[in-house]
There are 2 protein chains.
Amino acid sequence: MPANTPRNYLDATRGYGAEINLCPDIRSAFAETARLQQEGRVLVHPFDDIFVAAGQGTVGLEILEDLPGVTRVYVSIGGGGFIGGVAAAIRMIKPQTTIIGVETRGADAMSQALAAGAPVELPAITSIARTLGAPKVSEFTFRMVRELVEEVIVVEDRAAAQALFFILERTKQLTEPASSCCLAAAELQREKLRKDDQVVIVLCGGNVSSEDLAGFHAHFMA
Amino acid sequence: MPANTPRNYLDATRGYGAEINLCPDIRSAFAETARLQQEGRVLVHPFDDIFVAAGQGTVGLEILEDLPGVTRVYVSIGGGGFIGGVAAAIRMIKPQTTIIGVETRGADAMSQALAAGAPVELPAITSIARTLGAPKVSEFTFRMVRELVEEVIVVEDRAAAQALFFILERTKQLTEPASSCCLAAAELQREKLRKDDQVVIVLCGGNVSSEDLAGFHAHFMA
């Protein structure tokens, strides 16, 4: 894991029995996984793997089961595997469903790839949505998103943080900015929504430490 | 409602369509309810009502349904109606279950009543667990707790706040100090617990505003 991994990730991962190799940054962490692979370990890639995307796509099946009338789904994009799987599953069964991708400013590798026509490497991840911080999407996820996702929206950190606290107060559920940005995106599109739209916002994680939360409040809410 | 009611309570209550009369403090709020009763309104008392306690007791039935082997249940005490109902329901069906009441220092009207042998009026509520802040328990709830609850534990605000953030990080669930104090109490009793104990901690609310949360972090976690 990169050295800037939140303390609570480390605690929880160790709590499940894992041994963690901390690397200076995400690039060196990926290099370390390559080295471990050569030693015979199996890499479970966080996004650039068709089986991982297929597994994550079962979230799409659950959405269709719970809300067959769904018309619009907001999903955040880190490396793009999760949205690729969810979009593939939903549009296979209900092709008229609109899938919207969401990134935060400073962690927008997919938006920049779409603008450039190919994956580009971000010089640095500057968003609070650290788990969206893939420095570069893959050819595989780029193609999935270009084919299956209607548009990718970039929201500001402030909007993601405000959505986080709204969700926390009203639903008592802790999300991370990489999740809550989907609500912020839906709010940006409020005028686009039709009265009969059935909107799903996928809140895919809540890995925020108490310190992070206090910091978000001080920076964005005070 | 008393004037120190958290903003998010007011927002949520208004959001459900209520009209709120704000009074300077909880005593004047109760006086206002008495006045409204004389005008013909119906008072739904927060704790001093056998029907309210009976309704809240259904939480006890749910606990027995979900965990028939339960041996020990931690429930916080505001005015004492909730714990009274839960304890009555559980002990009617499974009398050997131990019910532990929990208060925070500065909102410990029931502990003080038990020590004095009768309900006593607290001069002020000084705990962060504002929803435990009944200034005085009633004869009805005092009797229920004395007969059905094994002991009432008082925990410090700091321990309640730390338990709140632990629950938030690990379960992604927002609780208020008036709930999380039950986990803090169970931790205090760690040595009392037997290996085969099946412990339930009732987390009965999460009415904490983002500002409160940031304040708790600054005071108790930093």
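By convention in this document, chain letters (A, B, ...) are assigned in the order of the sequence lines, proteins followed by strands, and residues within each chain are numbered from 1. Note that the structure is a prediction, hence the values are computed from the model and not measured.
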| message | I'd like to know which of B:A214, B:G215, B:G15 tops the heavy-atom pair count under 4.5 Å against chain A. | response | B:A214
| message | Is there a side-chain hydrogen bond (donor to acceptor under 3.5 Å, both in side chains) between A:Q162 and A:E187? Walk through the geometry before answering. | response | CA-CA 11 Å; A:Q162 287 171 345; A:E187 295 224 43; over 6 Å; no
| message | Would you compute the distance between atom CD1 of A:I93 and atom CG of A:L61 and round it to the nearest 0.5 angstrom? | response | 5.0 Å
| Once you round to the nearest 0.5 Å, how far does CG of B:L43 lie from OG1 of B:T33? | 5.0 Å
I'd like to know which of [options] tops the heavy-atom pair count under 4.5 Å against chain B.
| options | answer |
| --- | --- |
| A:A218, A:S209, A:A12 | A:S209 |
| A:N8, A:T175, A:L168 | A:L168 |
| A:L164, A:L174, A:N207 | A:L174 |

| Member of B:L122, B:V102, B:V155 meeting the side chain to side chain contact (heavy atoms under 4.5 Å, CB included) criterion with B:D108 | B:L122
| said: Quick check: A:H45 with A:F30 (ring centres under 6.0 Å apart)? | reply: yes
| task | Sort A:L213 into side chain, backbone, both or neither according to what part of it lies under 4.5 angstrom from a heavy atom of chain B. | result | side chain
